[in-house]
**Student:** 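If you scroll down you'll find the structure; I have some questions about it.
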Amino acid sequence: MVALNILHILFAIVSMVLCVYAPQGYDAAYCQTIGWLFLAQNICYFASQGRKNLVGFELFFAIAFFFVNFCYPLFYYETNPRFAFFWMEWNHDVITRATAIAYMGYCWYVLGVQSYRLGQVQSQRLGSGAEAPVEGSGPVWEISSGQYLYLFALTMVSLVAYVLLGGWRALQNVYGGDGDLHTVGLYSYFYVIFTLSAGLMAIFVYRIRKVDWWFYLPTMGVVMVAILATGSRTFVLGIMLILIVGWHNNVRQFRLWEIVAAVLAGTIALFLLQQVRRHPVDEWMYIITHLETDNVLDIFEDLMIDGRNLYVLVDYGMRHAYTYLHGMIIDIATPIPGLAKYVLRWYNEPYEVLSAQDFTTYLRLGENSHFGLGCNMIGDAFRSFGYVGTALSMFGVGYIVQVSRRRMNDSIYAYTIYYLMVSYSVFYNRAGILPPVRTLAWSLAILWGIKMLTEQPKVREWIMLGIEKIEALEERIKR
């Protein structure tokens, strides 16, 4: 373990040297060197994990990280530089340096993962600290069928409310090109509750009785297909990742060929959805059967197009003062409903300037654009905090992932955090550096509320008493 950690420290040192000496403009050999180092480091890392720990956040994050940050300079820039969104204006002089910065960030992410594992080993040798989970052991906590039923009821009620309030039609309009994702109505809150409670259902479905799976798993499948029909992919991909990793950890470990097949099938499905989602459903089959690609890697277009954001944000960070938390203040405020509105009034700046996810769109398309260009986690970290901040923030991401993974047998909340990060593992590369704050906060709050409601009799009594008082007040008003 110590030797492996030293090896990853050496990778990190090399990555920092590559950042210092990165040339201006495009250098194919330099980018290829970074690509080979990335491959070698991941072989070393995943070879040390063993089959039990192979399928998880780290695997899906590494695959997505490669296609977002490295695939374009390695396989497209020289032959098809205007691929996808890369026809839009961006500074080509930063491509090699941005690639080096991305690799440096990844190295420090791996160090964050390894640091906690090393600390556990040292604690066990000294006879102190919490013990690592025993291989194959299960959680010391449990979730009952009754608690799971509460999750199911919350999911269904919020979904019905979302549809009845017009949210379904609004979501179809967004991905059909006629709506605005930033439009907020009452239905927006029900959609958040629906997605979070559905995510919790996926997280805990393998921790309830197997006899109940026949009902809950098909129900989640139907909901996912319905959401896919609107053109939205993030929610469905997140649920699928949770179910895949949960199956591997709780039911049966996947074989290598099964993992490869799942990755390819998921990639192709996302690619096809990307091509058809702005067209009516009755045209989907015609579009799919007449698709043409110039490169087999085009199926990863949905990830690769985000590479432009890396170059735009690195260029911005090198030309302007670092933005620090100012550029993500909206993301920090999202856990508290309505707080973002007051933040906007306080700063009196465009929404996009204060939101990591919308900043690159603002730079290209200005305010209130109905079309979004996304973000890039490395680019956002660099324009916010520079070289040192990028390294430390990526270290923090790795540390959070590994702590939650190693503690999930001891704590239901650590278990929840890890699987929520799993659901975010692919599209995290296309988002800001800040973890999904609202998703984590609200999901943990929902879980805590259900546990309090079902495990604390006094809480149930207080709730029932409150309902009775409300009903009595309503009767008085009617009289």
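All heavy atoms count here, side chains included; hydrogens, waters and symmetry mates do not. Remember, predicted model here, so these are calculated numbers, not experimental data.
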**Student:** Could you tell me which non-hydrogen atom of Met421 sits nearest to which non-hydrogen atom of Pro436, and how far apart they are?
**Tutor:** SD-CD, 4.3 Å

**Student:** Can a donor-acceptor pair be found, under 3.5 Å and without considering hydrogens, that links the side chain of Arg97 to the backbone of Cys19?
**Tutor:**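 Side chain of Arg97 to backbone of Cys19: a pair is present.
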
**Student:** Tyr148 and Phe204: which non-hydrogen atoms are nearest, and at how many Å?
**Tutor:**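 Shortest heavy-atom separation between Tyr148 and Phe204 comes out as CE1-C, 3.8 Å.
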
**Student:** So, taking the atom named CD1 in Ile239 and the one named CG in Leu243, what distance separates them when rounded to the nearest 0.5 Å?
**Tutor:** 6.5 Å

**Student:** How far apart are the closest heavy atoms of Leu420 and Ser423, and which atoms are they?
**Tutor:**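 The answer is O-OG, 2.6 Å.
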
**Student:** With Asn376 as reference, evaluate Thr360, Asp306, Asn429, Asn309 under the side-chain hydrogen bond (donor to acceptor under 3.5 Å, both in side chains) test and give the passing residue.
**Tutor:** Asp306

**Student:** So which of Phe83, Phe66, Phe67, Tyr76 actually passes ring-ring contact (aromatic ring centres under 6.0 Å, His included) with Phe300?
**Tutor:** Phe67

**Student:** Between Asp331 and Ala356, what is the shortest heavy-atom contact and its length?
**Tutor:** OD2-N, 3.1 Å

**Student:** Using side chain to side chain contact (heavy atoms under 4.5 Å, CB included), reason through Trp213 and Val251 one step at a time and then give a plain yes or no.
**Tutor:** CA-CA 12 Å; Trp213 293 2; Val251 183; 3.6 Å; yes

**Student:** With rounding to the nearest 0.5 angstrom, report the CG to CZ distance, Leu303 to Phe65.
**Tutor:**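 Reported to 0.5 Å precision, the distance equals 12.5 Å.
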
**Student:** Has Ser404 got a side-chain atom pairing as donor or acceptor with Val401's backbone, closer than 3.5 angstrom?
**Tutor:**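 Confirmed, Ser404 side chain pairs with Val401 backbone.
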
**Student:** Classify the ring geometry between Phe152 and Tyr216 as parallel (under 30°), tilted (30 to 60°) or perpendicular (over 60°).
**Tutor:** perpendicular

**Student:** Looking at Gly432 and Asp380, what are the two nearest heavy atoms and their distance?
**Tutor:** CA-OD2, 3.4 Å

**Student:** Using the side chain to side chain contact (heavy atoms under 4.5 Å, CB included) rule, take Phe359 and Cys375 through it: C-alpha gap first, then chi angles, then the decisive distance, then the call.
**Tutor:** CA-CA 7 Å; Phe359 186 66; Cys375 190; over 6 Å; no

**Student:** In this structure, are over 12 heavy atoms from other groups packed under 6.0 Å from Trp36 atom CH2?
**Tutor:**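 Result for CH2/Trp36: open.
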
**Student:** Looking at Met240, I'd like to know if its CE atom is crowded, meaning that more than 12 non-hydrogen atoms belonging to other residues, nucleotides or ligands lie closer than 6.0 Å.
**Tutor:** no

**Student:** Assess the pair Tyr109 and Phe395: is the distance between their ring centroids shorter than 6.0 Å?
**Tutor:** no

**Student:** Nearest 0.5 Å please: distance from the OG atom of Ser355 over to the CD1 atom of Ile332.
**Tutor:** 11.0 Å

**Student:** Indicate yes or no: at least one non-hydrogen side-chain atom of Glu142 is less than 4.5 angstrom from one of Arg207.
**Tutor:**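 With C-beta onward as the side chain, the pair stays apart.
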
**Student:** Return yes if a side-chain donor-acceptor contact under 3.5 Å exists between Tyr415 and Asn249, otherwise no.
**Tutor:** no

**Student:** Mind checking the CD1-CD spacing from Ile34 to Gln32? Nearest 0.5 Å is all I need.
**Tutor:** 10.5 Å

**Student:** Mind running side-chain hydrogen bond (donor to acceptor under 3.5 Å, both in side chains) on Gln49 and Glu58 for me, showing each step along the way?
**Tutor:** CA-CA 10 Å; Gln49 293 298 295; Glu58 298 97 315; 5.9 Å; no

**Student:** Below 4.5 Å, heavy atoms only, C-beta onward: do Arg364 and Trp90 meet side chain to side chain?
**Tutor:** no

**Student:** When you measure from the side chain of Arg383 to the backbone N and O of Gly327, does any donor-acceptor pair fall under 3.5 Å?
**Tutor:**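 Side chain of Arg383 to backbone of Gly327, a donor-acceptor pair under 3.5 Å: yes, one is there.
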
**Student:** Crowded around Phe190 CZ? As in, over 12 foreign heavy atoms under 6.0 Å?
**Tutor:**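 Result for CZ/Phe190: open.
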
**Student:** Donor-acceptor pair, distance only, cut-off 3.5 Å: does the side chain of His248 make one with the backbone of Gln253?
**Tutor:**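 Absent.
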
**Student:** Between His92 and Tyr77, does a side-chain hydrogen bond (donor to acceptor under 3.5 Å, both in side chains) hold up when you go through it step by step?
**Tutor:** CA-CA 10 Å; His92 294 239; Tyr77 185 77; 2.9 Å; yes

**Student:** Taking the side chain as everything from C-beta on, heavy atoms only, tell me whether Phe61 gets closer than 4.5 Å to Val426.
**Tutor:** no

**Student:** Would you say the side-chain atoms of Ser393 pair up with the backbone N or O of Thr390, donor to acceptor, closer than 3.5 Å?
**Tutor:** yes

**Student:** Do we get Arg82 above Phe86's six-membered ring, with its NZ or CZ under 6.0 Å from the centre and within 45° of the axis?
**Tutor:**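 The answer is no; the distance or angle limit is not met.
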
**Student:** Determine whether Cys31 and Tyr26 make a side-chain contact, defined as any pair of heavy atoms from C-beta on separated by less than 4.5 Å.
**Tutor:**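 The answer is yes, as the side chains (C-beta and beyond) meet within the 4.5 Å cut-off.
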
**Student:** Is it true that a side-chain atom of Trp442 and a backbone atom of Leu196 form a donor plus acceptor pair closer than 3.5 Å?
**Tutor:** no

**Student:** Report the C-alpha distance between Thr155 and Phe194 in whole Å, list the side-chain angles of each, state the deciding distance to 0.1 Å, and finish with yes or no for side chain to side chain contact (heavy atoms under 4.5 Å, CB included).
**Tutor:** CA-CA 5 Å; Thr155 302; Phe194 159 66; 3.7 Å; yes

**Student:** Does atom CH2 of Trp141 have more than 12 heavy-atom neighbours, drawn from other residues, nucleotides or ligands, at distances under 6.0 Å?
**Tutor:** yes

**Student:** Identify the two heavy atoms, one from Val223 and one from Phe235, that lie closest to each other, and give their separation to 0.1 Å.
**Tutor:** CG1-CE2, 4.4 Å

**Student:** Hey, mind stepping through Met377 and Arg430 against side chain to side chain contact (heavy atoms under 4.5 Å, CB included) and telling me if it holds?
**Tutor:** CA-CA 6 Å; Met377 70 180 304; Arg430 298 177 24 151; over 6 Å; no

**Student:** For Phe57, does the six-membered ring have the charged nitrogen or CZ of Arg405 within the cation-pi criterion, i.e. under 6.0 angstrom from the centroid and within 45° of the normal?
**Tutor:**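 No, cation not above the ring by the 6.0 Å, 45° rule.
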
**Student:** So do the side chains of Ile412 and Pro139 get within less than 4.5 Å of each other, counting heavy atoms only?
**Tutor:**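 A side-chain contact is absent here, since even the closest heavy-atom pair is not under 4.5 Å.
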
**Student:** Within the side chain of Ser411, is there an N or O that forms a donor-acceptor pair under 3.5 Å with the backbone of Arg407?
**Tutor:**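 Looks like no, no N/O pair under 3.5 Å.
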
**Student:** Which value, rounded to the nearest 0.5 Å, describes the distance between Gln41 atom CD and Ser15 atom OG?
**Tutor:** 8.0 Å

**Student:** Using only atom types and a distance under 3.5 Å, with no angle test, would you say the side chain of Asp27 pairs donor to acceptor with the backbone of Tyr30?
**Tutor:** yes

**Student:** Within a 6.0 Å radius of atom CD on Glu258, are there more than 12 heavy atoms belonging to other residues, nucleotides or ligands?
**Tutor:**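 Yes - once you tally the heavy atoms of other residues, nucleotides and ligands closer than 6.0 Å, there are more than 12.
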
**Student:** With a 4.5 Å limit on heavy-atom distance, are the side chains of Leu154 and Ile446 in contact?
**Tutor:**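 Counting from C-beta outward, Leu154 and Ile446 do come under 4.5 Å.
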
**Student:** Quick one: does Tyr428's side chain have a donor or acceptor within less than 3.5 Å of a partner on Ile433's backbone?
**Tutor:** yes

**Student:** Using modelled atom types only, decide if a donor and an acceptor are shared between the side chain of Tyr72 and the backbone of Pro81 within a distance under 3.5 Å.
**Tutor:** yes

**Student:** Nearest 0.5 Å please: distance from the CZ atom of Phe215 over to the CE atom of Met220.
**Tutor:** 10.5 Å

